[in-house]
Amino acid sequence: MPSSPTGAITLSGKNAEPVRQQVLDALRDAILDLRFEPGHRLVERELMEQLSVSRATVREVLRDLASEGLVTIAPNRGAVVTAPTLAEASDIYEARGAIEGLLVKLFTERAVKSQMIKLEAAIEEFAEAAEESSDDPARLLRVKDEFIELIFTGAHSTVLQQLAESLRGRVRLLRIKAISMRDPTNSVAELREILVAIRAGEAEQAAQLYAKHVLGSRARAFAALDDSES
């Protein structure tokens, strides 16, 4: 199993933040950006040298990431970036559909006009990216995540947002595979359909459409895995 590459992460340098928080943010970003892919071994000594921090700080941060589901710590083996099994990934997608669908429902009920306008702009930005970068799934996912973050913010539920963000992070590689497996204009059409339901105040309908969108992504991700293994 490969270990973390030298020079892959750096601290933000924000003096206002405690070092421990900077290390946590740096490692979390490296995992979510797939600089450390699922199954990647995180060696404490290497992280200490890269970040110029103590072993105690590294261990505390790894425990935090384990609690978020991004890292798995095994006795006598150390920490690795979590690689969910297909069964676990399937459950995560089911949970995502339910929780993110609920956030869409809450957004429909709670968001103010300015947030609706930003959401529409985010969809059009994704549509533009779909035309310009259909062969760049990482960029498409970054732009789509901006749309999702607006939903989370407008839903005004910190607890649900934290749960949803943790689940998305655990299947980020699968999400990239999923978005690379379909014509992104279809995703644009689905997001616009969700927006229509949100604008009409049809909270339940918007939630159902979004959950269907998430589960469709699961099917494409698993199809991509089958192709890569065949």
Side-chain angles (χ1 to χ4, degrees), residues 1-4 8-9 24-44 47 59-105 137-138 140-142 144-145 147-149 151-152 155 157-182 187 190 207-230:
M1 183 178 295
S3 62
S4 53
I9 50 175
L24 178 60
D25 291 343
L27 278 174
R28 184 190 293 114
D29 288 346
I31 293 170
L32 295 180
D33 291 343
L34 297 181
R35 280 173 279 156
F36 296 156
E37 293 191 359
H40 217 88
R41 185 168 172 240
L42 299 171
V43 180
E44 290 183 2
L47 295 174
R59 286 183 173 176
E60 288 176 2
V61 166
L62 291 176
R63 283 196 294 268
D64 288 342
L65 292 172
S67 70
E68 295 177 18
L70 296 177
V71 166
T72 300
I73 301 175
N76 303 319
R77 291 181 55 206
V80 297
V81 178
T82 300
T85 65
L86 284 180
E88 290 169 341
S90 182
D91 288 345
I92 290 171
Y93 269 97
E94 288 283 353
R96 279 192 60 213
I99 294 173
E100 293 183 27
L102 178 55
L103 284 164
V104 168
K105 178 178 183 293
L140 290 174
L141 193 60
R142 286 195 301 272
K144 187 177 180 184
D145 278 346
F147 162 84
I148 296 173
E149 291 299 329
I151 290 285
F152 290 177
S157 175
T158 301
V159 171
L160 291 177
Q161 179 176 348
Q162 290 173 342
L163 287 172
E165 288 174 345
S166 174
L167 292 171
R168 280 192 302 143
R170 293 177 65 180
V171 289
R172 187 167 184 82
L173 183 59
L174 286 175
R175 293 181 67 221
I176 288 180
K177 287 182 179 294
I179 209 168
S180 68
M181 283 286 288
R182 86 178 306 201
S187 289
E190 290 179 3
Q208 291 172 11
L209 288 171
Y210 190 88
K212 180 180 178 182
H213 176 74
V214 169
L215 295 180
S217 296
R218 176 182 63 179
R220 289 187 295 277
F222 287 5
L225 285 178
D226 288 342
D227 287 346
S228 65
E229 294 173 357
S230 61

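Quick caveat: nothing in here was measured; it's all calculated off a predicted structure.
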Those residues at least two apart in sequence (or on a different chain) that pass side chain to side chain donor-acceptor pair (under 3.5 Å) with D29 are none
Mutual orientation of the aromatic rings belonging to Y210 and H213 [parallel < 30°, tilted 30-60°, perpendicular > 60°]:
tilted
Those residues that, when tested against L167, pass side-chain contact (heavy atoms from CB on, under 4.5 Å) (two or more places apart)
I92, A95, R96, I99
Applying side-chain contact (heavy atoms from CB on, under 4.5 Å), name anything that partners A207, two or more places apart in sequence or on another chain.
K105
Indicate the atoms forming the closest heavy-atom contact of F222 with S90, along with that distance.
CZ-N, 3.7 Å
L103 side, atom CG; I151 side, atom CD1 - distance, nearest 0.5 Å:
8.5 Å
Using 0.5 Å steps for rounding, measure from the CG atom of L102 to the CG atom of L160.
5.0 Å
Kindly write out the residues that satisfy side-chain contact (heavy atoms from CB on, under 4.5 Å) with D64, not counting sequence neighbours, or none if the list is empty.
R20, L24
Between T82 (side chain only) and G69 (backbone N and O only), is there a donor and an acceptor less than 3.5 Å apart?
yes
Rounded to the nearest 0.5 Å, what separation is found between the CZ atom of R142 and the CG atom of D33?
8.0 Å
In this structure, CG of L163 is separated from OG1 of T158 (nearest 0.5 Å) by 11.0 Å
Does any pair with a residue in residues 162-173 pass salt bridge (Lys or Arg N to Asp or Glu O under 4.0 Å), and if so which ones, sequence neighbours excluded?
D145-R168, D145-R172, E149-R168
Residues at least two apart in sequence or cross-chain that pass side chain to side chain donor-acceptor pair (under 3.5 Å) with E68, listed by chain then number, are R28
Identify the heavy atoms of S217 and A178 that sit nearest to each other, and give their distance.
O-CB, 3.2 Å
Run the side chain to side chain donor-acceptor pair (under 3.5 Å) test against S187 and tell me which residues pass, sequence neighbours left out.
R182
Contacts of Y93 that satisfy side chain to side chain donor-acceptor pair (under 3.5 Å) - sequence neighbours left out
none
Pairs in or reaching into residues 85-95: which pass salt bridge (Lys or Arg N to Asp or Glu O under 4.0 Å), with residues at least two apart or in two chains?
E94-R218
Taking atom CG of L32 and atom CG of D25, what is their separation to the nearest 0.5 Å?
10.5 Å
Check L70 against G169 and note the closest heavy-atom contact, atom names and distance.
CD2-C, 3.7 Å
Salt bridge (charged side-chain N to carboxylate O under 4.0 Å, His left out) partners for R59, two or more places apart:
E44
What one should report as the nearest heavy-atom pair of G97 and V214 is N-CG1, 3.9 Å
From CA spacing to verdict: side chain to side chain contact (heavy atoms under 4.5 Å, CB included), L209, V104
CA-CA 10 Å; L209 288 171; V104 168; over 6 Å; no
Output all residues satisfying side-chain contact (heavy atoms from CB on, under 4.5 Å) with A83, sequence neighbours left out; order by chain, then residue number.
P38
Rounded distance (nearest 0.5 Å) linking atom CD1 of I179 with atom CG of L140
5.0 Å
